[in-house]
There are 2 protein chains.
Amino acid sequence: MLQKRIDDQPTISREMVREAQEILHRHLKRVGLKQTAQRDTILKTFLETRDHLSTDELHRLVQKKDAGIGYTTVYRTLKLLAECGLASEVAFHDGIARYEHQYNRRSHHHMVCTECGSSVEFFSQEVGELEQEIGRKYHYLTTRHTFQIYGICEECRKKSSRPV
Amino acid sequence: MLQKRIDDQPTISREMVREAQEILHRHLKRVGLKQTAQRDTILKTFLETRDHLSTDELHRLVQKKDAGIGYTTVYRTLKLLAECGLASEVAFHDGIARYEHQYNRRSHHHMVCTECGSSVEFFSQEVGELEQEIGRKYHYLTTRHTFQIYGICEECRKKSSRPV
DNA sequence: GCGAAGTTGAATTTCATTTTCAAGATGCAC
DNA sequence: GTGCATCTTGAAAATGAAATTCAACTTCGC
Ligand SMILES: [Mn+2]
Ligand SMILES: [Mn+2]
Ligand SMILES: [Zn+2]
Ligand SMILES: [Zn+2]
């Protein structure tokens with residue numbers, strides 16, 4: 001699952017992890033839940049990648065840090081992270097839910113290759129403006145939108161024109 | 001599942017059904033499959049509604065015409081219709097696959113209420129242009145895109161501000 | 001009509017997601 | 001620090017839409 005990096009975020013720093021954890025902790029307190037080592041480990045692991053991870057994939061990464069953490073806890077923590085804005089779900093239409101972290105990330109969209117599953121991130125202000133415009137027009141209070149482009153990447157086109 | 005009608009297609013005519021069936025029949029022949037009464041009934045039923053139907057919902061409608069037609073056949077026929085461009089999948093993010101027919105329909109997008117599930121269709125040329133532009137920029141051969149806006153409709157906002 | 005090849009629908013399987021539950025951890029009150 | 005109500009955890013089970021299987025049936029080229 002390749003992914004071209006087209007903005008300029010450095011690898012996450014210790015400081016950023018701490019700040020993100022504070023956001024989580026405040027959220028937990030607000031809704032009457034408790035801090036746990038598992039939740040912190042999962043958040044930290046999640047911040048360390050810029051990939052679009054399935055629960056299963058994140059679980060595998062988390063297990064390298066603490067083999068005792070179960071799939072269910074990763075699953076539940078991702079929901080919590082989405083609640084407090086640290087994660088968002090991205091549907092690549094491949095039948096599984098993927099998440100990406102939203103801490104210090106510019107809002108962006110994805111173009112996905114339907115052959116190999118790789119994706120490119122791109123930025124477009126227009127799409128967000130369209131959300132506002134259409135919401136106003138039909139009297140919806142809009143909360144979010146999804147926009148994905150599907151196609152075949154250059155690599156895959158080369159491969160299929162030059163078969164083995 | 002309400003849906004405002006914002007373009008001007010009349011109810012499907014007998015003539016249109018015939019034309020759409022010809023498209024299906026040509027497709028079947030092309031890929032070495034066979035015409036059946038079930039497939040024709042399913043296509044006809046599908047064309048008669050402008051809703052965004054799950055396989056289950058379409059199956060229920062089809063059964064009113066021919067109670068012997070099974071869920072599996074509806075499921076498989078929807079795939080065939082998508083293959084020949086007569087249907088397209090629309091993901092409203094409610095966990096089930098929905099289809100709408102694409103015979104004599106203007107391309108459009110959807111805004112979905114996350115409270116009641118109702119949807120509004122809207123038209124935007126810009127979105128299609130953006131697909132082209134981004135595809136060119138990153139050397140993808142684009143095939144399609146998805147764009148949905150999520151929010152809360154006027155009805156639902158009224159309801160929640162005036163609780164029983 | 002014959003027969004090869006495709007179709008059908010009930011039943012089964014698959015598989016990501018969600019729920020359950022009993023044992024363990026957390027954190028507020030004292 | 002201790003008590004204890006409440007929340008958390010992870011294995012296992014349940015869920016449910018989607019996909020597959022298979023034996024009986026239909027289609028269609030000859
Ligand atoms: Mn992304
Ligand atoms: Mn529509
Ligand atoms: Zn590719
Ligand atoms: Zn609504």
Side-chain angles (χ1 to χ4, degrees), chain A residues 1 21-22 24-43 45 52-84 87 89-99 117, chain B residues 1 21 24-43 45 52-84 87-99 117:
Chain A
M1 201 63 90
Q21 280 178 347
E22 255 165 44
L24 173 60
H25 295 170
R26 269 198 294 276
H27 175 71
L28 292 173
K29 180 147 257 179
R30 194 181 328 130
V31 297
L33 303 180
K34 290 167 182 174
Q35 280 185 41
T36 67
Q38 288 94 327
R39 284 171 178 165
D40 283 349
T41 301
I42 292 164
L43 173 54
T45 310
H52 306 92
L53 297 173
S54 66
T55 308
D56 198 60
E57 286 163 353
L58 181 55
H59 179 230
R60 262 194 283 272
L61 293 179
V62 162
Q63 291 229 310
K64 292 182 190 169
K65 294 221 173 77
D66 180 347
I69 295 178
Y71 175 93
T72 315
T73 302
V74 174
Y75 163 80
R76 285 186 284 222
T77 301
L78 277 170
K79 301 244 143 172
L80 280 174
L81 296 180
E83 271 175 36
C84 62
E89 204 180 321
V90 274
F92 281 179
H93 237 247
D94 58 355
I96 57 179
R98 298 183 170 282
Y99 291 84
Chain B
M1 198 66 89
Q21 280 178 347
L24 172 60
H25 296 168
R26 271 197 294 276
H27 174 72
L28 292 173
K29 182 146 256 181
R30 193 180 330 130
V31 297
L33 302 181
K34 290 167 180 170
Q35 280 184 43
T36 67
Q38 287 93 328
R39 284 171 177 165
D40 283 349
T41 302
I42 292 164
L43 173 55
T45 310
H52 306 93
L53 297 174
S54 65
T55 307
D56 197 62
E57 285 163 354
L58 180 55
H59 179 230
R60 260 194 285 271
L61 292 178
V62 164
Q63 291 228 310
K64 291 182 189 168
K65 295 221 173 79
D66 179 346
I69 295 179
Y71 174 93
T72 315
T73 301
V74 175
Y75 164 80
R76 285 186 286 224
T77 301
L78 277 169
K79 302 243 141 176
L80 281 174
L81 296 180
E83 271 174 36
C84 63
S88 69
E89 204 181 319
V90 274
F92 281 179
H93 237 246
D94 58 354
I96 59 179
R98 300 184 168 281
Y99 292 83

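In what follows, chains are A, B, ... by sequence order, proteins preceding strands, each numbered from 1.
Atom pair B:I42:CD1 and C:dT7:P shows a separation of 12 Å (rounding to whole Å applied). If you take CG of B:L24 and C1' of C:dT7, they are 14 Å apart, rounded to a whole angstrom.
Helix-axis bend for the helix from C:dG1-D:dC30 to C:dC30-D:dG1: the local axis fitted to the five terminal pairs at one end deviates from that at the other end by 30°, rounded to 10°.
Listed by first and then second residue, the salt bridge (Lys or Arg N to Asp or Glu O under 4.0 Å) pairs involving residues 62-73 of chain A are A:E48-A:K65 (not counting sequence neighbours). Sorted by first and then second residue, the side chain to side chain donor-acceptor pair (under 3.5 Å) pairs involving residues 27-38 of chain B (not counting sequence neighbours) are B:H27-B:R30, B:H27-B:E83.
On the nucleic acid side, DNA chain D contacts chain A at distances under 4.0 Å to non-hydrogen atoms, with the end points of that region at D:dT6 to D:dA12.
Residues passing the salt bridge (charged side-chain N to carboxylate O under 4.0 Å, His left out) test with A:R26, sequence neighbours excluded: none. Residues meeting the salt bridge (charged side-chain N to carboxylate O under 4.0 Å, His left out) test with A:D56, sequence neighbours left out: A:R60. For A:L33, the side chain to side chain contact (heavy atoms under 4.5 Å, CB included) criterion is met by A:L28, A:V31, A:R39, A:L80, not counting sequence neighbours. Evaluation of the side-chain hydrogen bond (donor to acceptor under 3.5 Å, both in side chains) rule for B:E89 yields no partner, not counting sequence neighbours.
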Please list each protein N or O that sits under 3.5 Å from an N or O in nucleotides 10-17 of chain C, with the distance.
from   : atom 1 : to    : atom 2 : distance (Å)
C:dT17 : OP1    : A:A97 : N      : 2.7

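The shortest distance between side-chain heavy atoms of A:L24 and A:L81 falls below 4.5 Å. No side-chain heavy atom of B:E57 sits less than 4.5 Å from a side-chain heavy atom of B:Y99. With contacts defined as side-chain heavy-atom distances shorter than 4.5 Å, the pair A:L58/A:T45 qualifies.
Nearest heavy-atom pair across B:S54 and B:R98 is N-NH1, 3.7 Å.
The distance from the OG1 atom of A:T77 to the CG atom of A:D40 is 9.5 Å, given to the nearest 0.5 Å. Once rounded to the nearest 0.5 Å, the distance linking OG1 of A:T55 with CD1 of A:I96 reads 8.5 Å.
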Indicate every side-chain donor-acceptor pair of residues 69-76 of chain A with a distance under 3.5 Å to a residue at least two apart or in another chain.
none

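For DNA chain D, the residues of residues 26-36 of chain B within the heavy-atom distance limit of 4.0 Å (strictly under) are B:K29, B:K34, B:Q35, sorted by number.
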